[in-house]
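Accompanying notes for the structure given below.
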Amino acid sequence: MKLSKKDVITTTTFRHLLIIQVLSNITGLVGPFIDGIVISNFLGSVSMAAFGIATPIPIVLAAISGIFNSGSQALAGRYMGRGQVKELNSLMTLVVLGTTAIGALLTVIMVCFPASVAALLGAQGEIVADCADYVRSLAFGVIPILLTPVLVGFLQIDQDGKRAVTSALIMSIANAAMDILTAVLHLGMFGMGLATAISQAIAVGYMLLHFTKKNSKLKFIPKGMQFSKLTVILATGLPSAVYHFCNVLRIGALNRLLVNRCDTKTVAAFSVQNSLTPIIMGCIIGTGVTTLLVCSVIAGEENRRSLRKTLAYILKLGVSIAFGLAVFVFAFAKVPLAMMFCGSSDPELLTLVTRVLRFFSVSIPFTMLNMILIFYYQSMQKNGLSNFICIFDNAVFLIASAYLLSDLIGSDGVWVSFLIAEVMILIVLAFIVGFKQHKIPTSLHDFMLLPDDFGVDVDHRMNITATSLDEVTTISEDIINFCEKQGIDSRRSMAAGLCMEEFAAAALADDGSARKLPYVDIYLTYKNGELKIRLRDNGVPFDTAKLNPDNTSDIGDAASMRIVTSLAKDVSYSSVLGLNVFSLVL
């Protein structure tokens, strides 16, 4: 698919956010790998078993933070699309306080009742003491663990995604150093949990420093918080929690199936797949979260065309990335992947693990496709559909087909079920879309399920994208002609045309920034008697002092900007996601 100039700013922003999101996810997974290596080599099998028993704790915490993260990102995207910076600050403050409150409650429970938590997780006999020690010390890291994904999302919004990646690196290095120190000082599982807690706290502290900077657009402002928004956040973010809880259910059900119907080596092979899955899912979920944020911004603008083009681009890029991952896993399933986990001393296990990984690789592109759809529907606040895909894809279809096919073809039935579940959900989704649209879905637009009143028709909207000063000269005339066709009076039409021409010229001027190519995108809509104009560019932040009607100095500079803002019903400006966004309503 060839993208026009109108799509470049959005797609470039998506790629940048995607890189940061994926790097943050993958880097953050280094810690658990290091924990497992140190525990297995220095603390023994009982401690390793306790570590395995406690695995659901990080998954549950990820589910909770996922609710706040994805829910707030969807809402934040709409605020950005409307230029509502104050609401964005209040949202961030509300989400951080809400996450911290839940984290504090969980901390108290884990500190006061660690043995009960360990028993609830399934610890028995000699494993209980080590598991309880780990639970008690890990409790001190619950709040930072919950806050990390939330802060990463807002750092991206405030153009400091590099800090998110750096914080993940700091956390991994600190965790590794303290794990080794724990082993040397014989601090046991209590020390291991404490190492994780401290490293998480260090990373969160480093991220929080961003919001103390003078040039930070986002600030923690308790004033104006709307607690009613919590219900919207929780409802919108629920699919993320559903996904994680279904993941726990799926792993438990398939482990039980393999233990009852297969031998120990088959169970071990599935454990290897589960060890590799988080890294693959780091890329896939990173793509999904980025989809949520970018599509939410466009949804806030109600730009039907841009939303369709952007989603098509995301699907193409995401599936291409997933296909590359699938090819890598399939090609290197034996060496080094299987060899890294089980060595060469057991040829039978090596062959089985290789087979499992190759079956798994085939499902990766379909998993990416479904994950993008899950987060897209979240961005459009179609939470029921997102939850449906999460539950039936990751649990119902997979578990049902695994139990059925394992009776027919043995353990291979379990491995092929991952692909079957992904394909089945797409087929069922097509039936759902067809039912809602009252026709057979034949295009991406059908699957987007946009409301009839979303955006405006082609006669009442206009997109202008310029990449050079030479193109700016026609912008004013195009906008004036558009306004006149809508029946807007000549004064407002002339002011809007001249204002946007001046904005575009300022955005495309040489600003000394490192951007490869300058872009300015102007989107106009006329709906319900209101002319809405949104200008977006990838240059340096705009000097808002030019918009002050009382500013009489250099009257020739930005004079038309001041005239049009004095006529406007509403004016807003924000600089987020590396973009300047100026919106006004005439």
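Among D393, I374, I425, L429, the one residue that satisfies the side chain to side chain contact (heavy atoms under 4.5 Å, CB included) test with F388 is I425.
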**Message:** Show, in sequence, the C-alpha distance, side-chain angles and deciding distance for F330 and F360, and conclude whether the side-chain contact (heavy atoms from CB on, under 4.5 Å) test is met.
**Reply:** CA-CA 8 Å; F330 190 92; F360 171 64; over 6 Å; no

**Prompt:** Could you walk me through whether L181 and L187 pass the side-chain contact (heavy atoms from CB on, under 4.5 Å) check?
**Reply:** CA-CA 9 Å; L181 183 63; L187 298 178; 5.8 Å; no

**Request:** Give the C-alpha distance, both sets of side-chain angles, the deciding distance and a yes or no for side-chain contact (heavy atoms from CB on, under 4.5 Å) between M192 and M178.
**Result:** CA-CA 8 Å; M192 294 300 301; M178 286 186 285; over 6 Å; no

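Between F431 and F435, a ring centre-to-centre spacing not shorter than 6.0 Å is recorded.
Residues that satisfy the side-chain hydrogen bond (donor to acceptor under 3.5 Å, both in side chains) test with D130, not counting sequence neighbours, are S47. Checked against salt bridge (Lys or Arg N to Asp or Glu O under 4.0 Å), D133 has the following partners two or more places apart in sequence or in another chain: R136. Residues satisfying the side-chain contact (heavy atoms from CB on, under 4.5 Å) criterion with T148, sequence neighbours excluded, are V152, Q200, V204, M207. In this view, R355 and D412 satisfy the salt bridge (Lys or Arg N to Asp or Glu O under 4.0 Å) rule, not counting sequence neighbours. Scored by the salt bridge (Lys or Arg N to Asp or Glu O under 4.0 Å) test, R358 finds no partners at all (sequence neighbours excluded).
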Which side-chain N or O atoms in residues 396-405 pair as donor and acceptor under 3.5 Å with protein atoms at least two apart or in another chain?
from: S401; atom 1: OG; to: F397; atom 2: O; distance (Å): 2.8
from: S401; atom 1: OG; to: L398; atom 2: O; distance (Å): 3.1
from: S401; atom 1: OG; to: S417; atom 2: OG; distance (Å): 3.3
from: Y403; atom 1: OH; to: A253; atom 2: O; distance (Å): 3.3

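When all heavy atoms of A139 and V111 are compared, the pair lying nearest together is CB-CG2, 3.6 Å. For the pair A174 and I202, the tightest heavy-atom approach, listed with the atom from each and the gap, is CB-CD1, 4.4 Å.
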